[in-house]
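Owing to the predicted nature of the structure, the values given are computational and were not obtained by experimental measurement. Quick note: residue numbers are just sequence positions, from 1.
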Amino acid sequence: MRENGFRAIGGLAQKLTSGFAKGRSTSLIRLKADWPAVVGPELARTTRPDALLAGRGARAGKALRLKVSGAAALEVQHRSGQIVERVNAYFGHKMIDDVRIVQGVISAPRPTARTPRPDPVIEQEVASRTASVEDPELRAVLTRLGARIIAGRRGFLLGGLGALCLGDERRAQAQSPARFLDAQPGDHVLGNPDAPNVLIDYASFTCPHCATFNAAVMPALKRDWIDTGKLKLVHRHYPSDALATRASLLAECAGPEKFFAAVDTLFRTQVQWLTASDPAAELMTVLAEQGVSEAEAQACVANDRLLDKVIADVQSGQALGVNSTPTLFINEQGYGNPGGIDAIAAILRQVGR
């Protein structure tokens, strides 16, 4: 669920479907962006991910090439096992087997603005709503973020999926998960609303597999199933990070009539804005072809009504047990990410109505 990429040269479809090398590249971008959170601020000050290297030979594993400032090289070498564990935990699977150190200059990260502590009364209110979260560290983070959101600091909600879960946890718990297995009021539906088959897609705009689905699966799915009236597709937001949350808000900004065109544009240009020197700023310009100016895009990111829609989608995904993207539900059955169009078409033929 956490992966990204190098700067694009050609089209998105080619970049996302051209093999393992491109997969490594997309993973590296996300790892670089989230490096302080992965290894902690101490290691992040003296190290930077430089490349993901493919193993050679039948028994060779993959490695992370890590740029390290000279003075810290010995300490980092001793902590390489810890770095491997943290990187693999970040990706949710065994991504690397080893760390290879190269010495280099580590530039200092840009300073971030300090945030005032939220009102204690608001913090206490949010704490009561996050009490059911078992992990104490996650509970504390969600409480802090939620308090800032309620206080009007909506930008903190852009920090990731965890914050989105705070919208109204009690409401999500009170609803039966089964109701989310069909289109809901406010859902974005592509195709005939009365189509006999329904595919619900939970997606994140920074997820390369979601972009692959858009580039390699959607054209055939639309031609053979949606445009023929046999299938309706429901898109729901399940952002995995700050940029994905912003992108979800921008897609909503395009409005119901242009929503799926905006989704297509965001996925087609994913590598372009993800690998820009300032991805968040680049993202604000992506939907110009849909008539969304940069000023309008900035306003959408701060729009509480659009944010509520994204929160509702995340809550429905939580209720259904979504934990990665893309996750597909076809005719009330969950299939995770079943793969390409052939696999999805086979499922539709098997469970189709």
Side-chain angles (χ1 to χ4, degrees), residues 1 3 12-14 16-17 23 92 172 175-205 207-240 244 247-248 251-252 254-268 270 309-310 312-353:
M1 165 173 176
E3 298 150 48
L12 179 61
Q14 289 86 352
L16 292 175
T17 58
Q175 294 173 332
S176 168
R179 69 188 298 267
F180 298 120
L181 293 172
D182 203 349
Q184 298 294 298
D187 270 338
H188 295 288
V189 179
L190 182 63
N192 181 358
D194 297 321
N197 299 290
V198 57
L199 185 155
I200 299 173
D201 176 22
Y202 283 90
S204 170
F205 283 109
C207 159
H209 301 300
C210 300
T212 300
F213 178 88
N214 182 73
V217 175
M218 275 298 293
L221 193 66
K222 190 173 184 299
R223 181 191 66 230
D224 298 337
W225 292 88
I226 297 173
D227 291 348
T228 57
K230 296 185 289 185
L231 176 74
K232 60 185 175 186
L233 181 142
V234 177
H235 177 102
R236 289 182 185 157
H237 304 288
Y238 208 79
S240 54
S248 291
E252 291 294 327
E257 298 300 321
K258 296 182 179 180
F259 176 79
F260 283 99
V263 168
D264 179 59
T265 298
L266 287 163
F267 278 132
R268 281 191 293 104
Q270 184 192 73
K309 162 60 179 166
V310 178
D313 282 0
V314 172
Q315 288 177 325
S316 71
Q318 286 185 309
L320 293 173
V322 174
N323 56 22
S324 63
T325 56
T327 290
L328 306 185
F329 292 87
I330 301 175
N331 289 350
E332 303 179 355
Q333 298 296 318
Y335 292 94
N337 179 12
I341 184 60
D342 291 341
I344 293 173
I347 293 171
L348 284 166
R349 286 193 294 269
Q350 180 180 4
V351 303
R353 298 161 180 161

Exercise for the section: Could you check I347 against L328 for side-chain contact (heavy atoms from CB on, under 4.5 Å), going step by step and ending with a plain yes or no? Expected result: CA-CA 11 Å; I347 293 171; L328 306 185; over 6 Å; no
Please name the pair of heavy atoms, one in [X] and one in [Y], separated by the smallest distance, quoted to 0.1 Å.
| X | Y | result |
| --- | --- | --- |
| V217 | G339 | CG2-O, 4.1 Å |
| A343 | P338 | CB-O, 3.4 Å |
| C207 | Q270 | O-NE2, 3.1 Å |
| G191 | I226 | CA-CG2, 3.6 Å |

Exercise for the section: With sequence neighbours left out, write down each residue that passes ring-ring contact (aromatic ring centres under 6.0 Å, His included) with H235, or none if nothing qualifies. Expected result: F205, H237, F259
Problem - Spacing of T327 atom OG1 and R236 atom CZ [to the nearest 0.5 Å] - result: 12.5 Å
Exercise for the section: Please round to the nearest 0.5 Å and tell me the distance separating atom CD1 of I344 and atom CD1 of I330. Expected result: 6.0 Å
Would you say that [X] contacts [Y] through its side chain, given a criterion of any heavy-atom pair below 4.5 Å between the two side chains?
| X | Y | value |
| --- | --- | --- |
| L266 | S248 | no |
| M218 | L233 | yes |
| D182 | K232 | yes |
| T325 | H209 | no |
| V314 | K309 | no |
| I200 | L320 | no |
| R223 | I341 | no |

Exercise for the section: Indicate yes or no for a side-chain donor-acceptor contact from Y238 to the backbone of V322 under 3.5 Å, with no hydrogens or angles considered. Expected result: yes
Handout entry: Short side-chain to backbone donor-acceptor contact, S240 and S204, under 3.5 Å
Key = no
Salt bridge (Lys or Arg N to Asp or Glu O under 4.0 Å) against [X], all qualifying residues, sequence neighbours excluded:
| X | result |
| --- | --- |
| K258 | none |
| K222 | D227 |
| D224 | none |

Completion exercise
Residue pairs meeting side chain to side chain donor-acceptor pair (under 3.5 Å), one or both in residues 330-341, sequence neighbours left out, come to N197-N331
Practice task
Sequence neighbours left out, what passes side chain to side chain contact (heavy atoms under 4.5 Å, CB included) with A345? Give chain and number order.
Solution key: W225, R349
